[in-house]
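I have placed the structure first, in the form of structure tokens, so that the comments after it can refer back to it.
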Amino acid sequence: MLQFNNKNNCNYFVSSLVYSNIASLLAKYDELIAFISCNNPSFVLLAETWLSPSIPDSFVSVPNFTLFRSDRINRLGGGVCIYVSDQILSEFSVTPINVNTFGIDSLFLKVSDKNVTFVLGCVYRPPRPVLLADDNNLFSSLSQLAFTHNKFFVFGDFNMPDIAWLLNMSQHFSPSSQLLIDLLVNSNLNQLVNEPTRYRLNQRPSTLDLILTSDDTSLANLNYLNPFGKSDHVTLKLDLQLCFVARSKTVTLQKRIVDFKKADEYLSTVDWATLLNHPSVDTNWESFKNHLKLATDKYSYTITYKASSSKPWIDNKILKLIKKKRSLWRTFKRSGKEDDYKVHRAFSNRVSSIIKDVKHKYEKSIADQKNPKKFYSYIRNKLSGPVRKPQVKDATGHIIEDDCVTANIFAETFAQSFTIEPDADIPNLLTTHNFDCLSGICFSYDLIKDKLHKLDTTKSPGPDGISAKILKECGSSLARPLCMLMKQSFRSGRLPNDWKTATITPVFKKGDKFNAANYRPISLTSAVVKLMECIIYDQLVAFLTAHQVIPREQHGFTPGKSIATNLLCCLDNWTRELDSGGSVDIAYFDFSKAFDRVPKRRLLLKLRHYGIQDSLLRWIESFLSDRIFKVKVGDMFSSPFPVLSGVPQGSVLGPLLFLAYVSDIKDCLISPWAMYADDLKIYNICSNYEVLTKDIATIYNWSLKWLLPINADKCNILYLGSDNPKQTYYINGTELTKCVSLSDMGVIVTSTLTWSEHITKVVKKANKILYLLGKTFAKADVNTVTKLYKTYVRPILEYANCVWVPTLQRDINLLESVQRRATRIPYGQVRPSYPDRLNLMKLPSLADRRVRGDMLTTFQAFTNISSPIRHLFPVNIDGRTRGHRFKLEKDNFRTSIRQTFVTNRVFTEWNALPPEVVESASVPRFKVNYDTFRNRR
């Protein structure tokens, strides 16, 4: 299968690859021919060909394919080969890459045209005897190839059965296997095979054949097919999907320049009271939009300029300098005079210096702005990343090139998530009605002006085209008309259509790039209505919290709570139980498309029950009603589709409304539980099997009653404790999947509550971002690299780090190795020592950062009176203690699991802090005081 297009902006290359350990190509030649005829792959990669130089290509040739082979010399067996279809050769240049992997059979091909380049490799590593030095040489070569080529795909039989790829990757391995694990952790390579690939009679199935790649998003639809002949290795078949942008060397761009000061002055002269006096909020909104557009059009102009397509810092001025440099070179070539050469050389040096300075300023601007969009856009531009414009296949398997058709397919796919609420009576709630009510919202000029000045100008505009930039820069003049519009909308219970329309951009997740179901809908809504939502949110969340509508076990989207507080509250219970010799069973639930499926009538019933009344309830009802969305692909939009259910994606109020909808779960459960938005887990202590079984059934019945379906196949059970009986649990007859580890909101929780697997995961993720930094900012200065590291790499290493802690020296070293590697980037090969680099870049060690994070968590628990983790830090009330008044009481423990929990971890360090640090007035002040105290020590 081959689909290839490089016309217009629809650029893609899709081909089928097949790999297998064939164990004698000559013996299975006829089967290979038959397989290729049926499956029509573009590439066939084979290990253990058992060919020798004495066997000519003609003996194993395949019609319409060209054979590349690497035979084992002087020994029997082994050998690898790659068949490349002639259709590929007609479009691409295919060149073998000379890589010395002594003792291990390998073959690498570079496939390229003017738009895209990738490397295919096939490896056979014999089970024995392989020297550790040879393995180290192989993996070093793979790492170098992956760093040199952005798209690198290697298939092979690595003969490492001791690695259980679906289990804990932090376990102990053989020295050679550990080298492979280290390669995957410390490079940008990923391993994709997660099922057994060899089946031998009377032996346990094992995963020997692997796929290593630097771009896992370009491989999809992996299938495990029957072996060839009597081979005991399966055949792997998958699709290679490359999307790219065919660019000229320069592009023509347009930029709109707005004089915000003059626009603000003009808008301040508008008589808004007269202009917005129509009884219809829709009419007034159109008048507001028109005058805002008039102001921006009147005091703006558009400039057209040329820039480099691959180097965005090279603008029209520099392009003219480059053109002049070429002209001077032609002058020298015509005359041959030394003076002309000197003129050219001097001008060339000047241009090079200018380009270097401009590039430095561009990269510095990325670091200073801390704008993720600009950062990742620059990386995609530099590394030729995937095209931002998605495409899908039609029913015949061909890729659609009409953007409008593609947009409608995406819209139809996203619309399938909605729930059609039946007309039957709505169920009753178990709790008593809240007689306190919230019906009015204050929309004051000062409040709106303050919100306008805090807008994030990097956010994209919604369907109305009004950007956050114009709202912020002209906030003083726009606050009053916006106040009038919001008050009118709230009083009338009506919203303009622009406020109820969303533009959706499909963003690829993983899997088949041409399957619409593998994309996540990202909604863009009006910046103005989001501003109004912010004001309503502040007063609504305060009301719901004060009346305990949102349970304390819900940690999502509420002030003072987070993923970290969710996990800390659970781990406190779990570690205490394990410390006392008990066991815990934890059931994790997966609600299917929960935010999209919330039924409107049931939601409004619950809001009314909780005390949301009159104007506020009418406005929320209008906010949820008659909503539409359009999907944008390229410059084309889909037809408008109605939003039949759910809380609005991309809105401010949506998450809070969802929390209100699921809040009555607290009235159904007996077991302890915790929730973050729609992530729910319940657990028993002392192996209370009957209670947990009953609660699992209760959750399922609740989901049916309130139309939030549970995906039983994705619900899991995790067992804690060495003596855990590991009872089996069911949900609607489906057995919950038993796990030894799983990701709990981004933190890997294992059955032993140790953190090596999580540390391996975050180091791998951080190294991947660090790889991108090294490739794209290799010559950036120290300050730029430091800012980029702090913004994009270190947060990955410190995500929820008050929850987990490295206890093994290898894990401590593994975490620190990321920062070691980051500090090398601006210095190159000749660099200071690591401690000196830390001083020069003003970076503390990660161990010191973890202690600081623990202290900050403890401080926040004490200073926030409503903190959900305040009870974890009991104060020693013994009057004999010296120092500050928040000294912690010692917690007894018997196991290392409890010893390393945060309450015991912080005991000595927290109690040793001076009062001026502990009693800081705010979190920022605490950070300053703590850092000052640490520097004095």
Check whether the side chains of [X] and [Y] place a donor and an acceptor atom closer than 3.5 Å, and report yes or no.
X: Thr458; Y: Asp456; value: yes
X: Asp340; Y: Ser335; value: yes
X: Thr213; Y: Asn190; value: no
X: Thr501; Y: Asp498; value: no

Are there more than 12 heavy atoms of other residues, nucleotides or ligands under 6.0 Å from atom [atom1] of [X]?
X: Lys509; atom1: NZ; value: yes
X: Lys110; atom1: NZ; value: no
X: Asp635; atom1: CG; value: no
X: Lys472; atom1: NZ; value: yes

Is there side-chain contact between [X] and [Y], with heavy atoms separated by less than 4.5 Å?
X: Leu212; Y: Phe153; answer: no
X: Gln649; Y: Ile504; answer: no
X: Lys311; Y: Tyr362; answer: no
X: Asn150; Y: Phe118; answer: no
X: Thr95; Y: Leu109; answer: no
X: Phe514; Y: Cys243; answer: yes

*Under 30°, 30 to 60°, or over 60°: which ring-plane class applies to Phe777 and Phe375, parallel, tilted or perpendicular?*
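It falls in the parallel class, under 30°.
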*NZ/NE/NH1/NH2 to OD/OE distance under 4.0 Å, Asp357 and Lys361*: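 Salt bridge: no.
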_Residues Asp781 and Lys787 bridged, charged N to O under 4.0 Å_ =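 No, Asp781 and Lys787 are not salt-bridged.
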*Compute both the distance and the angle, then confirm whether Lys255 meets the cation-pi test with Tyr305: under 6.0 Å from the six-membered ring centre, within 45 degrees of the axis.*
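Because its charged atom misses either the 6.0 Å distance or the 45° angle limit, Lys255 does not stack over Tyr305.
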_Tell me if the centroids of the rings in Phe92 and Phe13 come within less than 6.0 Å of each other._
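Ring centres of Phe13 and Phe92 closer than 6.0 Å.
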_Pair Phe414 and Phe629, ring centroids less than 6.0 Å apart_ =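 No, the ring centres sit 6.0 Å or more apart.
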*Rounded to the nearest 0.5 Å, what separation is found between the CD1 atom of Ile825 and the CZ atom of Arg831?*
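If I round to the nearest 0.5 Å, the distance is 11.0 Å.
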*Calculate, to the nearest 0.5 Å, the distance between atoms OH and CG belonging to Tyr834 and Leu843 respectively.*
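It comes to 7.5 Å.
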